[in-house]
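Down below is the structure, laid out as structure tokens.
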Amino acid sequence: MKILVVNAGSSSLKYQLIDMDGEKELAKGLVERIGIEGSRLKHSAGEKKTEIEQEIPDHEAAAQLMLKILQDPEYGVIKSTDEIGAVGHRVLHGGSAFTASVIVNDAAKQAIRDCFPLGPLHNPANLMGIEACEKVMKGTPQVAVFDTAFHQTMPPKAYMYGVPKMYEEKLHVRRYGFHGTSHRFVSRRVCEFLGVSPEGKRIIICHLGNGSSLSAVKDGKCQDTSMGLTPLEGLLMGTRCGSCDPAVVQFIANNPLKEDGTPLGHPVSVDDVLTMMNKKSGLLGISGKSSDCRDIDSLADAGDPDATLAREMLIYGIKKYIGSYAAAMGGVDIIVFTAGIGENNAYLRERVIDGLEFMGAKIDPEKNKTRKEAVISACDSKVTVCVIPTNEEIMIARDTLDLVTTGKVRDN
Ligand code: AMP
């Protein structure tokens with residue numbers, strides 16, 4: 001069966017068509033600037049690549065264009081949309097309602113709508129993507145795969161915040177965690193790769209990309225994760241500040257600065273401060289130059305003190321999470337690095353593991369040069385350290401296939 005994986009943003013729609021017979025990617029693409037001047041589609045099928053610039057007023061038009069190019073005589077890979085067995089959608093927030101992926105029906109759509117306040121930027125866009133595909137592919141099953149679902153096994157002691165309990169009971173204020181599809185894929189794949197069972201294994205997954213999160217996975221189930229009610233909590237990220245004293249929000253709201261560092265002269269709203277914490281902080285905010293770890297590396301290697309500080313803060317933060325998750329699980333058997341930084345940045349991996357010999361983790365600098373699936377720990381390391389490239393699309397496609405063929409997700 002061929003499965004179409006869709007990730008809809010507020011002005012974008014990313015897609016990938018996967019032949020589940022061999023889990024082979026047939027084509028992928030991105031529709032950008034939906035509803036904005038300069039909208040375009042970028043599409044590739046193997047070596048063949050094309051770009052189309054045209055007016056794309058809404059998500060339905062984007063979905064139509066996606067189907068058109070997938071059936072194009074030159075760049076397409078299917079003759080008819082009937083060949084698409086089902087569509088799997090990435091949905092950011094499933095709240096506490098979803099512990100696994102689901103076939104989309106009216107109740108599921110309502111539950112996604114109910115999570116709009118928890119994922120105000122993503123969930124409405126994700127639902128727009130679902131509804132657009134429903135319209136242009138009538139009768140094709142649609143599946144929703146939630147970024148939060150894998151973390152729903154966290155116990156209350158890990159997911160509760162220390163604010164009055166009624167905020168969780170009435171308003172669902174709690175830690176949810178994100179990147180769940182990646183954490184789930186990687187936690188399964190690393191066990192397959194090492195030929196071990198997830199049962200009895202204590203795994204720490206470091207998903208380090210533009211957005212970063214760690215998870216503690218015991219017996220294949222998530223015990224804890226670093227992101228919270230929103231993806232702002234946890235590690236220092238590309239443009240997000242990560243965890244900080246909540247009183248910082250109030251202090252900055254009352255004493256905001258202009259871009260040039262001079263006082264703005266009047267208070268700003270909490271929303272304004274959170275926008276700054278989400279979009280202008282992290283590696284970008286500390287370095288003052290870039291949110292991209294490659295740039296931070298080049299700058300730091302050339303002696304830039306702010307980029308060096310940003311990099312040191314990131315490394316220190318990851319180390320602290322690894323230490324705390326090892327303590328929370330009573331030890332650690334496997335540490336995995338994944339996503340853009342985790343898969344590619346050997347320096348950062350080495351620095352993170354450096355000094356963790358006390359808990360049995362030791363890196364092999366030669367093995368660590370890899371950018372592929374590999375064990376990178378030394379032969380005498382008690383903890384197995386691995387690089388496992390993530391593949392959220394395959395996980396979404398697998399869940400979609402399972403739900404439409406057997407009615408349930410295997411290995412949730
Ligand atoms: P992601 O959000 O997973 O796409 O990851 C983005 C981050 O990964 C950025 O900070 C990039 O600097 C980093 N990254 C992506 N590719 C590479 C690469 N080939 N080498 C080093 N860093 C990379």
Side-chain angles (χ1 to χ4, degrees), residues 5 7 9 12 14-16 25 28-30 32 42 44 90 92 121-122 147 150 177-187 189-190 205-215 225-227 230-242 278-302 304 306-318 321 336-353 363 365 367-374 376 386-396:
V5 175
N7 184 356
S12 68
K14 223 169 153 180
Y15 62 88
Q16 198 174 112
E25 176 198 300
K28 67 177 174 187
L30 171 67
E32 286 175 297
K42 287 183 189 161
S44 66
R90 181 179 184 200
L92 180 85
L121 297 180
H122 294 83
D147 245 26
F150 179 63
F178 298 87
H179 297 136
T181 311
S182 172
H183 285 283
R184 180 162 146 242
F185 173 83
V186 170
S187 64
R189 179 63 205 150
V190 73
I205 295 165
C206 311
H207 175 113
L208 309 173
N210 192 33
S212 298
S213 65
L214 271 82
S215 67
T225 192
S226 59
M227 282 180 166
T230 77
L232 185 55
E233 191 181 345
L235 289 172
L236 185 87
M237 306 181 211
T239 62
R240 297 188 188 116
C241 61
N278 268 301
K279 304 215 155 137
K280 296 192 172 169
S281 302
L283 295 176
L284 175 65
I286 298 295
S287 71
K289 297 196 178 74
S290 176
S291 62
D292 193 298
C293 203
R294 279 169 288 203
D295 298 337
I296 297 296
D297 272 336
S298 313
L299 287 160
D301 291 346
D304 182 294
D306 294 334
T308 305
L309 173 62
R311 185 162 75 176
E312 291 304 310
M313 286 171 70
L314 175 61
I315 293 166
Y316 181 63
I318 302 167
Y321 266 109
V336 192
F337 289 94
T338 193
I341 299 171
E343 291 166 29
N344 294 297
N345 195 325
Y347 172 80
L348 184 124
R349 291 192 300 247
E350 185 168 346
R351 288 286 315 283
V352 165
I353 300 299
I363 214 152
K367 291 184 194 164
N368 185 38
K369 286 181 180 155
T370 188
R371 286 174 194 264
K372 297 202 185 101
E373 202 168 57
I376 57 169
C386 294
V387 173
I388 301 284
T390 193
N391 195 334
E392 290 164 278
E393 287 77 15
I394 284 291
M395 198 79 249
I396 293 171

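Counting starts at 1 for both ligands and their atoms, in listed order.
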Quiz item: Which protein non-hydrogen atom lies closest to atom 17 (C) of ligand 1, naming both residue and atom, and how far is it?
Solution: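 Here the closest protein heavy atom is N344 ND2, 3.4 Å.
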Quiz item: What protein heavy atom is closest to atom 2 (O) of ligand 1, reported as residue, atom name and distance in Å?
Solution: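 Ranked first by proximity to atom 2 (O) of ligand 1 is N210 N, 2.8 Å.
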Quiz item: So, the side chain of N368 versus the backbone of I376: is there a donor-acceptor pair under 3.5 Å, distance only?
Solution: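 Pair absent, no side-chain N/O of N368 close to backbone of I376.
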Quiz prompt | Lys/Arg N to Asp/Glu carboxylate O, E393 vs R90, below 4.0 Å | solution =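 No, E393 and R90 are not salt-bridged.
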Report yes if [X] has an N/O atom closer than 3.5 Å to an N/O atom of ligand 1; otherwise report no.
X    : value
D292 : yes
C293 : yes
I341 : yes
R294 : yes
G340 : yes

Quiz item: Looking at side-chain heavy atoms only, is the closest gap between I205 and F185 below 4.5 Å?
Solution: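 I205 does not reach F185 side chain to side chain.
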Quiz item: With no hydrogens and no angle check, do the side chains of S213 and H183 hold a donor and an acceptor under 3.5 Å apart?
Solution: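 Yes, a side-chain donor-acceptor pair sits under 3.5 Å.
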Self-check item: Taking every non-hydrogen atom, the tightest pair across T370 and V387
Solution: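 Shortest heavy-atom separation between T370 and V387 comes out as CG2-CG2, 4.1 Å.
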Quiz prompt | Closest non-hydrogen atom pair, G317 against L235 | solution =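 Of all heavy-atom pairs spanning G317 and L235, the closest is C-CD2, 3.6 Å.
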Quiz item: Any heavy atom of R371 sitting closer than 4.0 Å to ligand 1?
Solution: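 The answer is yes, since R371 has a heavy atom less than 4.0 Å from ligand 1.
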Self-check item: Separation of K279 NZ from T239 OG1 (nearest 0.5 Å)
Solution: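 So the OG1 of T239 and the NZ of K279 are separated by 8.0 Å.
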Quiz item: Looking at A339, which atoms of ligand 1 are within less than 4.0 Å of one of its heavy atoms?
Solution: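 Counting from 1, the qualifying ligand atoms are 3 (O).
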